[in-house]
Number of protein chains: 2
Amino acid sequence: MAETPARQIADDLRARIKSGDLAPGTRLPGEPALVRQYGVAKQTAANALKLLIAEGLASARPGSGTYVREFKLIRRSATERLSRGRRASGGSVWAADVEERPLEVDALDVREAPAPEWVAEALDLSGDDTSVLVRSRRYVVDGEPVQLADSYLPAALVRGTRVAEPDTGPGGTYARLAELGAEPVDFTEELRARMPDRDEAEALSQPPGTPVIEILRVALTADGRPVEVNRMLLDAGSYVLDYRFGG
Amino acid sequence: MAETPARQIADDLRARIKSGDLAPGTRLPGEPALVRQYGVAKQTAANALKLLIAEGLASARPGSGTYVREFKLIRRSATERLSRGRRASGGSVWAADVEERPLEVDALDVREAPAPEWVAEALDLSGDDTSVLVRSRRYVVDGEPVQLADSYLPAALVRGTRVAEPDTGPGGTYARLAELGAEPVDFTEELRARMPDRDEAEALSQPPGTPVIEILRVALTADGRPVEVNRMLLDAGSYVLDYRFGG
DNA sequence: AAGTGGTCTAGACCACAGA
DNA sequence: CTGTGGTCTAGACCACTTA
């Protein structure tokens, strides 16, 4: 494996970051500084910084500098959040989710629409009314967007109920579903990690080169009826996911 | 958002990929071809291709060309593999991309070593013997490495048993642990997605710009004793993870 | 031997941040 | 206004694949 100048510079900086010499939030030596110190072309210095950015160790702020990235991880405990008992105590589903910083809803859109094909399949929709209620939210932490979520529910089930309003009330959507005799008790989550496309990266204001986690959750009632599909897109750099199972 | 030449070229190619005009496995127009067609510098053509690679849509084979990436997803159902008594397996939302192919062990290393700090903590090791048995494996599909796994077990528990041998016999490590009176029945998995460092990318022979999923699993006996820590590193482009819970 | 991606130098212009 | 990262052109050499 060739040890190119750009890689050498990146190695040096990486070592200084990991040793703590360059603390999170610190401004890294910029391109001009690297050009002077290492006697390379500006492009090469830029490439070295891009390597660190691609590893998720740094992020660039154009016009200002390149900074050691701060890792403020959010722990998302899927199993504990959604298991029965924990949720009955009122408060949003997300209350138990965050470590310190509050997760806030930044943008909310509620609308009715025809179900995309994969949603119709997951919700087992057929016949006349294949329309769904879509609740789209964006979550922010410290003003930084970290998650997008689109929740799909059968319109025939929730039309005209509180679920179709922006504020679903105490306990959230799932509590309202329970009142409708459709309490979700079983969940499946399918999960992928990939690179975001440009729109997604923009919506999460992610620096290019950092991945996202895509989660598809299907919520089922006790008799196995699917009542909600939730597609989530997480900034991978902000999250640790947690699953517990067995017994 | 600036629409630079490189982005324009990438947009064109992306559209042709998504439309199926450029099928998976196809060779993309190379740098020289793009230079001619678009009248740009070689670097700019290279940057356009790098954008697609960073999105996971293509991968470069130096000396040969840049190719539309094939998505053959492996489905990993954590809950069903490890739990006793299973529910029916529903269809995957990404079913179209999922393929059933055998996962083979490519490289195996078994050794005894002092426990890294985080392992000692997870395994609740203290006192005299903090050494662990480490079983390192690499898994391949169709000759392509897709997963690395390092399993750590308390040496005091498994030293001299079949668990310490390369071939652990029918049922694997967990069956042997059960025979030792330490059957794992509860599991926690912590999961992150991030960019691989250079060593990891090489071990998984990943094109730079594609993420990995890191999983830390702790296996507990019925009385809550941790008996195994497993650190897995998956090629994110090859996997869909599946969790089921509730009830 | 020809073609490919990978990387480098050298020099240029731009948009934007911050004092 | 100065310094920053972002991107471009133009030209060069290398290691590798493929035939």
Side-chain angles (χ1 to χ4, degrees), chain A residues 1-13 22 25-69 143-144 198 201-202 205-210, chain B residues 1-13 22 25-69 143-144 198 201-202 205-210:
Chain A
M1 176 133 309
E3 203 51 47
T4 67
R7 276 207 251 266
Q8 268 295 351
I9 297 172
D11 288 347
D12 287 358
L13 293 174
L22 292 165
T26 308
R27 198 174 157 279
L28 289 171
E31 293 175 6
L34 296 175
V35 166
R36 284 195 305 275
Q37 289 173 31
Y38 290 88
V40 294
K42 175 178 146 78
Q43 271 291 350
T44 306
N47 286 345
L49 293 172
K50 289 225 166 76
L51 283 174
L52 297 176
I53 292 170
E55 287 173 27
L57 288 176
S59 79
R61 294 212 280 271
S64 170
T66 302
Y67 295 81
V68 180
R69 194 156 165 210
E144 299 264 332
R198 246 211 292 164
E202 196 176 350
S205 68
Q206 291 202 153
T210 59
Chain B
M1 177 133 316
E3 204 50 47
T4 66
R7 275 207 252 266
Q8 268 296 351
I9 297 172
D11 288 348
D12 287 359
L13 293 174
L22 293 165
T26 309
R27 197 174 157 274
L28 290 171
E31 294 174 6
L34 295 175
V35 166
R36 284 195 305 273
Q37 289 173 32
Y38 290 89
V40 295
K42 174 177 148 75
Q43 271 292 349
T44 306
N47 286 345
L49 293 172
K50 288 225 166 77
L51 283 174
L52 297 176
I53 291 170
E55 286 173 27
L57 288 175
S59 78
R61 294 213 281 270
S64 170
T66 302
Y67 295 80
V68 181
R69 199 157 162 210
E144 297 266 333
R198 245 211 294 163
E202 196 177 351
S205 67
Q206 292 201 157
T210 60

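Numbered from 1 within each chain, the chains take letters A, B, ... in sequence-line order. Not measured: the values here are computed from a predicted model.
- Side-chain atoms of A/R7 never come within 3.5 Å of backbone atoms of A/L51 as a donor-acceptor pair (strictly under, hydrogens ignored).
- Nearest-nucleotide mapping onto DNA chain C: of A/A6 and A/Y67, the residue sitting toward the 5' end is A/A6.
- A/R7 has its CZ atom 13 Å from the C1' atom of D/dC14, to the nearest Å.
- A heavy-atom distance below 4.5 Å is found between the side chains of A/L49 and A/L34.
- Side-chain atoms of A/L49 lie closest to D/dG5 of the nucleotides C/dG6, D/dG5, D/dT9.
- A heavy-atom distance below 4.5 Å is found between the side chains of B/L28 and B/V68.
- Across A/P5 and A/T44, no two heavy atoms sit closer than the pair CB-CG2, 4.1 Å.
- The A/P32 side chain lies nearest to D/dG5 when the options are C/dC8, D/dG5, D/dC8.
- Protein atom CZ of A/R36 is 11 Å distant from nucleotide atom C1' of D/dG3, rounded to whole Å.
- Here C/dG6 presents its C1' atom at 14 Å from CD of A/E3, a figure rounded to the nearest Å.
- The separation between A/L52 atom CG and D/dG5 atom P is 12 Å, rounded to whole Å.
- OP1 or OP2 of C/dG5 has at least one side-chain nitrogen or oxygen of B/T66 nearer than 4.0 Å.
- Checking C/dA10, C/dT7, C/dT4 against every side-chain atom of B/R27, the shortest atom distance belongs to C/dT4.
- Taking atom NZ of B/K42 as the reference point, atom P of C/dT9 lies 16 Å away to the nearest angstrom.
- Listed nucleotides: D/dT9, D/dG6, D/dA12. Nearest to the side chain of A/E31: D/dG6.
- Between A/T4 and the phosphate of C/dC8, there is a side-chain N or O to OP1/OP2 separation shorter than 4.0 Å.
- At the phosphate of D/dT7, neither OP1 nor OP2 sits under 4.0 Å from any side-chain N or O atom of B/T44.
- Of all nucleotides listed (C/dT7, D/dT18, D/dT9), D/dT18 comes nearest to the side chain of B/S64.
- When rounded to the nearest whole Å, the span between CZ of B/R61 and C1' of C/dT4 equals 12 Å.
- Atom CG of A/L34 and atom C1' of D/dT4 are 13 Å apart (whole Å).
- Residue A/N47 places at least one side-chain N or O closer than 4.0 Å to OP1 or OP2 of C/dC8.
- For the pair A/I9 CD1 and C/dT9 C1', the computed distance is 13 Å after rounding to whole Å.
- Judged by distance alone, with hydrogens and angles left aside, A/K50 brings no side-chain donor or acceptor close enough to the base of D/dG5 to form a pair under 3.5 Å.
- Within the model, atoms CZ of A/R61 and OG1 of A/T66 stand 9.5 Å from one another, a figure rounded to the nearest 0.5 Å.
- Taking every side-chain heavy atom of A/Q43 into account, C/dA10 is the closest of C/dG6, D/dG5, C/dA10.
- Each of A/P5 and A/P62 has a nearest nucleotide on DNA chain C; the 5'-most of these lies closest to A/P5.
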